[in-house]
Amino acid sequence: MATKQDCLQLISQGHYKKALELLDEIIRLEPTDDEAYFHRGKLKWRMGDRPGATGDYATAVSINPSSPAVTALEQARDVADFFNPDLYNP
């Protein structure tokens, strides 16, 4: 079975799709692994899946309220809530 360290190695090498598959497998086998959700969220964010990343961060926080995903979730929500009226008023 792949480890989170294997996934992080794949991410550092730019093999995002394979790393995502391995993280999905880790989560399937251990659905209470908040760290795996956090890493998968970071990877999804990097891949442009903002809603998926936010969902993974929220799941990690619900499992472990002191997870580093707390900060990531706050930042993701700040990005989602950002509104710049100047962009809409030429």
Side-chain angles (χ1 to χ4, degrees):
M1 182 177 107
T3 66
K4 287 176 278 200
Q5 190 61 36
D6 295 334
C7 296
L8 296 176
Q9 181 71 27
L10 286 169
I11 292 168
S12 72
Q13 295 170 352
H15 302 292
Y16 300 152
K17 187 174 180 180
K18 182 63 177 171
L20 185 59
E21 291 170 3
L22 293 178
L23 283 166
D24 288 344
E25 181 67 14
I26 290 169
I27 289 169
R28 187 184 68 75
L29 295 172
E30 186 58 49
T32 59
D33 187 340
D34 66 286
E35 188 179 350
Y37 280 102
F38 174 60
H39 289 304
R40 188 173 74 174
K42 290 191 332 182
L43 179 56
K44 285 181 177 180
W45 188 272
R46 183 178 286 185
M47 295 173 73
D49 179 6
R50 305 298 194 246
T54 303
D56 279 347
Y57 296 150
T59 301
V61 171
S62 71
I63 295 168
N64 177 7
S66 62
S67 166
V70 170
T71 303
L73 180 60
E74 289 171 359
Q75 292 172 346
R77 288 182 175 160
D78 285 346
V79 168
D81 292 341
F82 178 75
F83 174 75
N84 183 347
D86 293 335
L87 293 175
Y88 300 103
N89 297 317

Arg77 atom CZ, neighbour heavy-atom count above 12 within 6.0 Å: no

Interatomic distance, CG@Asp49 vs CG@Asp56, rounded to 0.5 Å, equals 8.0 Å

side-chain contact (heavy atoms from CB on, under 4.5 Å) against Asp33, all qualifying residues, sequence neighbours excluded: Lys4, Ile26, Glu30, Glu35, Ala36

Taken in chain and number order and not counting sequence neighbours, the residues that satisfy side-chain contact (heavy atoms from CB on, under 4.5 Å) with Thr71 are Gln75

Distance (rounded to the nearest 0.5 Å) between Lys44 NZ and Thr54 OG1: 10.0 Å

Rounded at 0.5 Å granularity, tell me how far SG in Cys7 sits from CD in Glu25. 10.0 Å

Test Tyr37 against every option in Leu23, Asn64, Thr32, Thr59 by the side-chain contact (heavy atoms from CB on, under 4.5 Å) rule and name the one that passes. Thr59

How about Gln5: does its CD atom have over 12 heavy atoms from other parts shown lying under 6.0 Å from it? no

Rounded distance [0.5 Å steps], CG in Leu8 versus CD in Gln13: 11.0 Å

Are the side chains of Trp45 and Val79 in contact, using a 4.5 Å heavy-atom criterion? yes

Here the pair of heavy atoms bringing Leu10 nearest to Lys18 is CD1-CG, 3.7 Å

Can you see whether Asp6 engages Thr3 through a side-chain donor-acceptor pair at a distance of less than 3.5 angstrom? yes

Heavy-atom pair of closest approach, residues Val61 and Ala69: CG2-C, 3.6 Å

Of all the heavy-atom pairs spanning Gly41 and Ala53, show the shortest one and how long it is. O-CB, 3.1 Å

Show the nearest heavy-atom pair for residues Tyr57 and Phe38, with the distance to one decimal. CE2-O, 3.8 Å

Say whether Tyr16 and Leu20 are linked into one hydrophobic cluster, either directly or through other cluster members, by side-chain heavy-atom distances under 4.5 angstrom. yes

Between Pro31 and Ile63, the two heavy atoms sitting closest are O-CD1, 3.7 Å

Minimum-distance pair of heavy atoms, taken over all atoms of Val70 and Pro65: CG2-O, 3.2 Å

